[in-house]
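See below for the structure under consideration.
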Protein chains: 2
Amino acid sequence: MARRILKFSILGLLSKQDMSGYDITIEFTKAIGQFWSAKHSQIYVELKKLLDEDSISQYIEMAGVKLEKKMYCLTTKGKEELQKWVLELDDSVETEKDIFALKLYFLKDIPKQEIHSLFNNQLQLREKKLFNLQKQFSFLFGNQQNPIYLDSEELGHYLVLTKAISREENYISWLNGSLDLIKKAEDSLT
Amino acid sequence: MARRILKFSILGLLSKQDMSGYDITIEFTKAIGQFWSAKHSQIYVELKKLLDEDSISQYIEMAGVKLEKKMYCLTTKGKEELQKWVLELDDSVETEKDIFALKLYFLKDIPKQEIHSLFNNQLQLREKKLFNLQKQFSFLFGNQQNPIYLDSEELGHYLVLTKAISREENYISWLNGSLDLIKKAEDSLT
DNA sequence: TCCAACATGTAACAAGTTACATGATTTG
DNA sequence: CAAATCATGTAACTTGTTACATGTTGGA
């Protein structure tokens with residue numbers, strides 16, 4: 001059987017608090033969405049499956065007068081499965097797919113003007129993303145320079161955000177370095 | 001229609017030189033496999049599709065006496081499609097999935113002993129990967145400190161490898177920093 | 001002569017995307 | 001009262017994985 005990452009990311013989210021399918025969809029647009037995501041169409045199907053398998057249970061919460069919000073919470077089985085999965089040690093790392101880097105491998109025959117556009121476009125996207133992550137970070141952790149006082153609930157959030165920020169900073173710095181290099185290579189041909 | 005990244009990564013590889021399905025499978029275990037990969041079962045199916053669509057053409061090369069190796073090369077259509085795809089500017093970056101980071105978000109209730117194991121295991125995997133990338137890099141580019149003299153064929157390879165190395169270095173440094181932080185947080189509780 | 005690597009494929013299934021479909025609630 | 005957001009779902013399709021299946025070639 002496959003790895004069912006979506007299953008475990010839903011169980012993980014539900015371990016923090018009860019949620020509806022809609023809530024889970026929203027969560028994937030926030031911090032955790034930096035490392036895993038799914039569309040609502042996939043989420044509703046997976047929730048039904050997890051319910052069938054007794055990893056979660058369901059109850060109804062009224063939102064307004066007629067709108068029934070389906071809330072989900074972990075069962076004992078679900079809690080155990082999650083715990084077990086988190087503690088499992090990986091024996092290899094999967095390919096971290098990156099379409100921009102993939103394209104670079106095929107740069108041959110591309111005019112330098114176009115290469116500059118590609119890099120500048122990517123820089124813009126990455127800087128925007130970094131800016132948003134930093135905004136999230138300072139909203140949550142402010143100026144607080146001592147993350148050692150975070151409780152275990154906040155720690156996960158802190159680690160994930162610093163990871164995402166560090167990843168983007170590194171991406172941007174590599175983009176800048178590579179663009180410089182390409183420009184220098186062009187100059188050396190004149 | 002979907003984005004067909006596998007299609008374009010195959011076209012990209014074939015733009016460098018004619019290859020068989022087997023050759024393409026092997027390529028995905030090398031540099032380019034850091035950013036995209038696929039199993040042979042998927043590759044053979046995709047090649048048949050690309051042949052149908054006239055993006056590639058096929059010829060036979062005898063390997064030994066009876067073994068017919070099916071070689072593929074780009075058609076004019078395939079070359080144009082590739083060129084167009086490489087030059088397209090993205091308007092957003094997709095989620096860069098990372099299961100280890102995902103797990104960290106769900107750390108609550110995990111004993112510190114186990115957290116150390118998770119980090120140390122990941123450090124080991126990442127360091128091994130970095131070592132292999134550095135080996136590849138020095139094999140290809142040696143001590144040569146002046147990448148500005150690379151021709152456009154080598155440039156793509158250089159960029160992809162430095163990207164992968166930089167990504168791993170950043171990952172490792174974030175792992176070390178976070179592990180330190182967690183240890184300090186534990187000490188502060190005594 | 002055996003084994004690893006070369007070489008190509010299919011079938012069944014799981015995972016993920018896009019589009020279609022509907023209705024309630026809140027806010028300006 | 002209109003529009004944005006909340007809320008849930010299904011259908012058709014694409015993409016990706018695992019397992020099954022077979023045969024060749026080169027080297028120790």
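Atom set for the values below is all heavy atoms of this structure, side chains included, hydrogens, waters and symmetry mates excluded.
- One atom, OH of B/Tyr59, and another, P of C/dT8, lie 12 Å apart when rounded to the nearest Å.
- The separation between A/Ile99 atom CD1 and C/dT17 atom P is 11 Å, rounded to whole Å.
- Mapped onto DNA chain C by nearest heavy atom, A/Lys39 and B/Lys69 fall at different nucleotides, with B/Lys69 at the one closer to the 5' end.
- Atom P of nucleotide D/dT8 and atom CD of A/Glu61 are separated by 10 Å, given to the nearest angstrom.
- Put simply, the side chain of B/Ser41 and the base of D/dT18 share a donor and an acceptor less than 3.5 Å apart.
- When the side-chain nitrogen and oxygen atoms of A/Lys70 are compared with OP1 and OP2 of D/dA7, none of them lie within a distance under 4.0 Å.
- Between D/dA7, C/dT18, C/dA5, one nucleotide has an atom nearer to the side chain of B/Tyr22 than all others, and that is C/dA5.
- For B/Tyr44 and B/Tyr22, the gap between ring centers reaches or exceeds 6.0 Å.
- Applying the 4.0 Å criterion to OP1 and OP2 of D/dT8, one finds that A/Tyr44 has a side-chain N or O inside that range.
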Contact list (N/O, under 3.5 angstrom) for nucleotides 21-24 of chain C vs protein:
unit_1	atom_1	unit_2	atom_2	d
C/dA24	OP1	A/Lys66	NZ	3.2

Residue pair B/Glu53, B/Arg4: steps toward the salt bridge (charged side-chain N to carboxylate O under 4.0 Å, His left out) verdict = CA-CA 13 Å; B/Glu53 297 168 350; B/Arg4 312 240 358 227; 3.2 Å; yes

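- Here A/Glu81 pairs with A/Lys7 in a salt bridge; the nearest charged N to carboxylate O distance falls below 4.0 Å.
- Between A/Tyr171 and A/Phe100, the ring planes lie tilted relative to each other; the angle falls in the 30° to 60° range.
- Proximity of A/Lys97 to the phosphate of D/dG16: a side-chain N or O atom is located under 4.0 Å from OP1 or OP2.
- Atom CE of B/Met19 and atom C1' of C/dC6 are 16 Å apart (whole Å).
- Nucleotide D/dT14 holds its P atom 9 Å from the CZ atom of B/Arg4, rounded to whole Å.
- Ring geometry, A/Phe137 versus A/Tyr158: the interplanar angle falls from 30° to 60°, so the pair is classed tilted.
- An OP1 or OP2 oxygen of C/dT8 is reached within less than 4.0 angstrom by no side-chain nitrogen or oxygen of B/Lys48.
- With the nearest nucleotide of DNA chain C identified for both B/Ile26 and B/Val45, B/Ile26 has the one nearer the 5' end.
- Here the shortest heavy-atom pairing between A/Arg167 and B/Glu96 reads NH1-O, 3.0 Å.
- A/Lys7 comes within 4.0 angstrom of no nucleic acid atom, judged by non-hydrogen atoms across all strands.
- In this structure, CD of B/Glu46 is placed 16 Å from P of C/dT8, rounded to the nearest angstrom.
- Between A/Gln42 and C/dA15 there is no side-chain N or O to OP1 or OP2 distance below 4.0 Å.
- The nearest whole Å value for the distance from the CD atom in B/Glu94 to the P atom in C/dT18 is 12 Å.
- Cation-pi geometry between B/Lys16 and A/Tyr105 is met: the NZ or CZ atom falls under 6.0 Å from the ring centre, inside 45° of the normal.
- Of all the heavy atoms in B/Leu140 and B/His157, the pair that sits closest is CD1-NE2, 3.4 Å.
- The distance between atom CG of B/Asp23 and atom P of C/dA7, rounded to the nearest whole Å, is 6 Å.
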